[in-house]
Amino acid sequence: MNYYVTTSIPYVNGEPHVGHALEFVMADVLARAARQREETTLFSTGTDEHGTKIAQKAESLGLTPTQLVGKMSQEFRELAHTLNISNDRFIRTTDKGHEQRAQLIWKALAHDIYKAKYTGWYDVKEETFVPEAQADPERMKPDHPQAYQKLEEENYFFPLSKYNDQIKEAIESGAFQIVPETRRNEILSVLREGLEDISISRPKEKLEWGIPVPGDKTQVMYVWFEALMNYITVLGYPEHQDFKDYWPANTQVIGKDIIRFHAAIWPAILFSLNIPLPKQLYVHGHITLDGKKMSKSIGNVVSPKEIVDKYGVDAFRYYFLRHIPSYNDGDFSWDAFESSYNNELANELGNAVQRTAVMITKYQNGIIGDIPPAKHDKAPIEEAIVQCRFDRALDEIWDQVRGLNQYIDEEKPWSIAKEGDSDHLREVLAYQASCLLEIADLLVPFLPDTAAKIKAVFEEGIVRPIEGTLFPKSDREE
RNA sequence: CGCGGGAUGGAGCAGCGGCAGCUCGCGUGGCUCAUAACCACGAGGUCCCAGGUUCGAGUCCUGGUCCCGCAACCA
């Protein structure tokens with residue numbers, strides 16, 4: 001069985017933030033879980049690097065676009081590394097391979113692409129067309145100081161409307177699964193109203209920083225149209241074996257802001273190419289900081305690296321996977337983060353490992369003996385992962401952690417030790433070790449380092465204490 | 001205007017027809033193996049409002065009120 005999972009590719013006009021990190025981590029859980037199930041797994045991410053905004057930003061910084069995207073792309077690569085993301089590929093839309101294959105795809109779509117005039121309000125300062133609905137009516141008046149210009153451009157168009165019903169049917173039948181349900185309803189309602197054809201190119205004179213339209217030197221491809229193709233260009237569409245092995249993707253992970261692109265435009269492209277739709281589209285929510293929308297002007301941005309540097313990568317993964325609701329928006333605050341770190345990671349899990357290891361060392365010279373096999377029901381956790389309910393999965397795992405602490409309290413191994421019932425003591429302690437090994441196994445996709453550390457302590461049948469402790473709490477203040 | 005989602009103890013959430021539940025926080029007690037950790041118990045809710053269906057409604061229906069999201073480029 002092959003398993004292919006993707007993240008959306010971040011647009012490199014800004015620094016990586018916790019939202020990008022969330023998506024990376026979620027997709028990573030899916031990839032690691034698939035590998036744990038022993039499926040042949042491919043996990044791809046990357047960066048989206050063309051378009052007006054990039055060109056403008058580069059200019060404002062006195063860089064060439066190539067210099068800018070090289071630098072920014074590297075930052076996202078580093079973010080993935082910082083978060084212990086197990087991606088197999090990292091595609092850049094400025095990769096030669098992507099550019100060439102995007103042109104191949106354009107040609108394969110030629111049977112659907114048509115040329116038409118696009119008329120709209122053009123904002124000279126921003127160098128962009130303003131959609132009718134968002135346009136400021138005041139600025140439509142010719143005597144306004146920043147008046148829009150009524151401009152007409154000839155562009156290529158892609159007939160989304162033609163595929164409207166096919167897409168709707170794929171979603172309704174479940175062939176193309178969208179989770180959570182609320183996002184599925186959202187897109188179905190858009191489809192019920194009907195999609196409009198989209199412009200998929202820009203005149204080169206206005207925008208040089210893009211992939212040239214094959215056979216037309218005057219036009220470059222609209223960024224989004226070309227960026228979506230990364231999911232198959234990275235596999236070497238159309239001829240490479242990877243494409244044959246891994247497409248359709250099992251799960252594509254995206255944020256709620258770009259659902260239309262992935263649940264409307266992307267499926268339409270795939271239908272036009274006559275290749276299957278991904279099986280599942282998982283749409284996560286957005287993160288607020290201290291209840292407020294992330295914003296540079298408010299100055300409340302928190303960099304993922306800052307959190308990881310302070311608390312470690314698994315603490316980061318833990319908070320974002322469990323405390324940002326998988327099917328909803330969520331909030332990050334240092335208070336909530338620290339509270340979950342101290343209570344759940346340090347006190348409940350870390351301490352359970354510690355007390356068990358210490359008891360075995362103290363009472364039995366570190367010898368565990370035969371460890372009975374684990375016996376908890378994993379099915380709810382596996383099901384939660386398939387449904388991308390990472391928060392639920394961790395809730396379930398933490399039920400086991402709590403269960404273990406309760407067990408220890410009921411059995412009171414320290415009393416058994418005093419009574420000198422060594423058989424019973426060995427049994428109880430071995431069971432504790434067994435529970436921890438089982439928990440470690442369940443944690444593999446979520447907290448890979450922690451899982452490995454716990455396994456290292458108990459799996460040899462002899463306690464091998466870790467240096468220091470899991471999730472240390474001391475010296476934490478500021 | 002339209003479409004979608006939501007309103008449940010101090011905070012964050014689950015429950016979607018059958019005795020109101022979880023985590024955090026708060027209070028009390030227990031334990032001492034452990035990272036001043038762990039365990040138990042308790043206080044705290046007219047489940048947004050008003051009607052209706054039903055033997056029975058946070059849970060279904062109708063009508064309100066208030067929030068939030070989406071409507072071509074912010075994960």
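No hydrogens, no waters, no symmetry mates; every other heavy atom, side chains included, goes into these values. Order of the sequence lines sets the chain letters (A, B, ...), proteins ahead of strands, with each chain counted from 1.
Under the 6.0 Å distance and 45° angle rule, A:K310 counts as a cation-pi partner of A:W334.
You'll find the ring centres of A:Y231 and A:H262 inside the 6.0 Å limit. Here the two rings, on A:Y114 and A:Y156, have centers that are 6.0 Å apart or farther. Between A:Y319 and A:F332, a ring centre-to-centre spacing shorter than 6.0 Å is recorded.
A gap of 48 Å separates the P atoms of B:rC74 and B:rA36, to the nearest Å. Using atom P as the reference point in both B:rU59 and B:rG18, the two lie 11 Å apart (nearest Å). Separating the C1' atom of B:rG25 from that of B:rG6 is a span of 25 Å, rounded to the nearest Å. Using atom P as the reference point in both B:rC66 and B:rC60, the two lie 22 Å apart (nearest Å). Spacing between B:rA34 and B:rG69 at atom C1', rounded to whole Å, works out to 46 Å. Between the C1' atoms of B:rG44 and B:rG9, the separation comes to 5 Å (whole Å). The gap from the C1' atom of B:rU8 to that of B:rG21 amounts to 10 Å, rounded to the nearest Å. Rounded to whole Å, the separation between the C1' atoms of B:rG52 and B:rC19 comes to 25 Å.
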So what is the 5' to 3' dot-bracket string for RNA chain B, if pairs are Watson-Crick or G-U wobble with both distances under 3.5 Å, crossing pairs use [ ] and | means the partner sits on another strand? .(((((((.[[[[.)..(..]]]].(((((.......))))).....[[[[[..)....]]]]])))))).....
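Residue A:W414 and nucleotide B:rC33 are classified as a stacked aromatic pair, their ring centres being separated by less than 5.5 Å at an interplanar angle below 30°.
In this structure, B:rG69 shows a glycosidic angle more than 90 degrees from zero, which is the anti conformation.
Salt bridge annotation for A:R389-A:E383: absent, with no cationic side-chain nitrogen under 4.0 angstrom from a carboxylate oxygen. Of the charged side-chain nitrogens involved, at least one lies within less than 4.0 Å of a carboxylate oxygen, so that A:K256 and A:D329 count as a salt-bridged pair. Using a 4.0 Å cut-off between charged nitrogen and carboxylate oxygen, A:D28 and A:R32 count as a salt-bridge pair. Salt bridge absent: A:E396 and A:R392 never bring a charged side-chain N and a carboxylate O closer than 4.0 Å.
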Trace of the side-chain contact (heavy atoms from CB on, under 4.5 Å) decision for A:Q432 with A:F458: CA-CA 10 Å; A:Q432 290 178 215; A:F458 300 105; over 6 Å; no
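As a whole-Å value, the separation of A:I408 CD1 from B:rU35 C1' is 14 Å. Rounded to an integer number of Å, the gap from CD1 of A:I466 to P of B:rA34 is 16 Å. If you measure from atom CZ of A:F261 to atom C1' of B:rC70, you get 12 Å, rounded to the nearest angstrom. With rounding to whole Å, A:K418 atom NZ is found 11 Å from B:rC31 atom P. In this entry the distance linking CD1 of A:I259 with P of B:rC74 reads 16 Å, nearest Å. When rounded to the nearest whole Å, the span between CG of A:L195 and P of B:rA71 equals 13 Å. Atom-to-atom, NZ of A:K256 to C1' of B:rA75 comes out at 10 Å; the value is rounded to the nearest Å. Separating the CG atom of A:L191 from the C1' atom of B:rG2 is a distance of 16 Å, rounded to the nearest angstrom.
Considering A:S272, A:S199, A:S201 in turn, A:S272 is the only one that fulfils the side-chain contact (heavy atoms from CB on, under 4.5 Å) rule with A:F158.
With hydrogens and angles ignored, a donor-acceptor pair closer than 3.5 Å exists between the side chain of A:N351 and the base of B:rA34. With hydrogens and angles left out, the side chain of A:Y11 and the base of B:rC74 share no donor-acceptor pair within 3.5 Å.
Looking at which nucleotide of RNA chain B each of A:K362 and A:V223 is closest to, the 5′-most match is held by A:K362.
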Tell me, for nucleotides 5-13 of chain B in 5' to 3' order, what letter each nucleotide earns: B for a base near a protein heavy atom under 4.0 Å, S for only sugar-phosphate near one, - for neither? S--------
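Considering only the side chain of A:K53, B:rC73 comes nearest among B:rA75, B:rC73, B:rA40. The side chain of A:R260 has B:rC70 as its nearest neighbour among B:rC70, B:rC24, B:rC33. With B:rC70, B:rA75, B:rC39 as the candidates, the nucleotide lying closest to the side chain of A:E186 is B:rC70. In the set B:rU35, B:rC74, B:rC73, B:rC73 carries the atom at the smallest distance from any side-chain atom of A:R202. With B:rC73, B:rC24, B:rA37 as the candidates, the nucleotide lying closest to the side chain of A:K473 is B:rA37. Candidate nucleotides B:rC33, B:rU35, B:rA75 were compared by shortest atom distance to the side chain of A:T469, and B:rU35 ranks first. Looking at the side chain of A:E348, the nearest of the listed nucleotides B:rC24, B:rG4, B:rA34 is B:rC24. Distances from the side chain of A:N343 to the nucleotides B:rU35, B:rC38, B:rC24 place B:rC24 closest.
Using a 4.0 Å heavy-atom criterion, one finds that A:R402 contacts the sugar-phosphate atoms exclusively. Within 4.0 Å (heavy atoms only), A:I265 reaches no atom of the nucleic acid at all. Across all strands, A:E196 comes closer than 4.0 Å to base atoms (heavy-atom distances). Counting non-hydrogen atoms under 4.0 angstrom, A:I198 reaches a base of the nucleic acid. Residue contacts shown for A:R192 are absent, as no nucleic acid heavy atom lies under 4.0 Å away. Looking at heavy-atom distances under 4.0 Å, A:R184 makes no contact with the nucleic acid at all. Within 4.0 Å (heavy atoms only), A:D197 reaches at least one base atom of the nucleic acid. At the heavy-atom level, A:H286 lies under 4.0 Å from base atoms of the strands shown.
The ring pair (Phe, Tyr, Trp, His ring centres under 6.0 Å) test applied to A:F261 returns A:W224, not counting sequence neighbours.
The aromatic rings of A:F390 and A:Y282 sit perpendicular, their planes meeting at an angle over 60°, well past the 30° parallel limit.
In terms of phosphate contacts, A:Q406 brings a side-chain nitrogen or oxygen within less than 4.0 Å of OP1 or OP2 of B:rA40.
Between A:E49 and A:T93, the side chains place no donor N or O within less than 3.5 Å of an acceptor N or O (distance only, hydrogens not considered).
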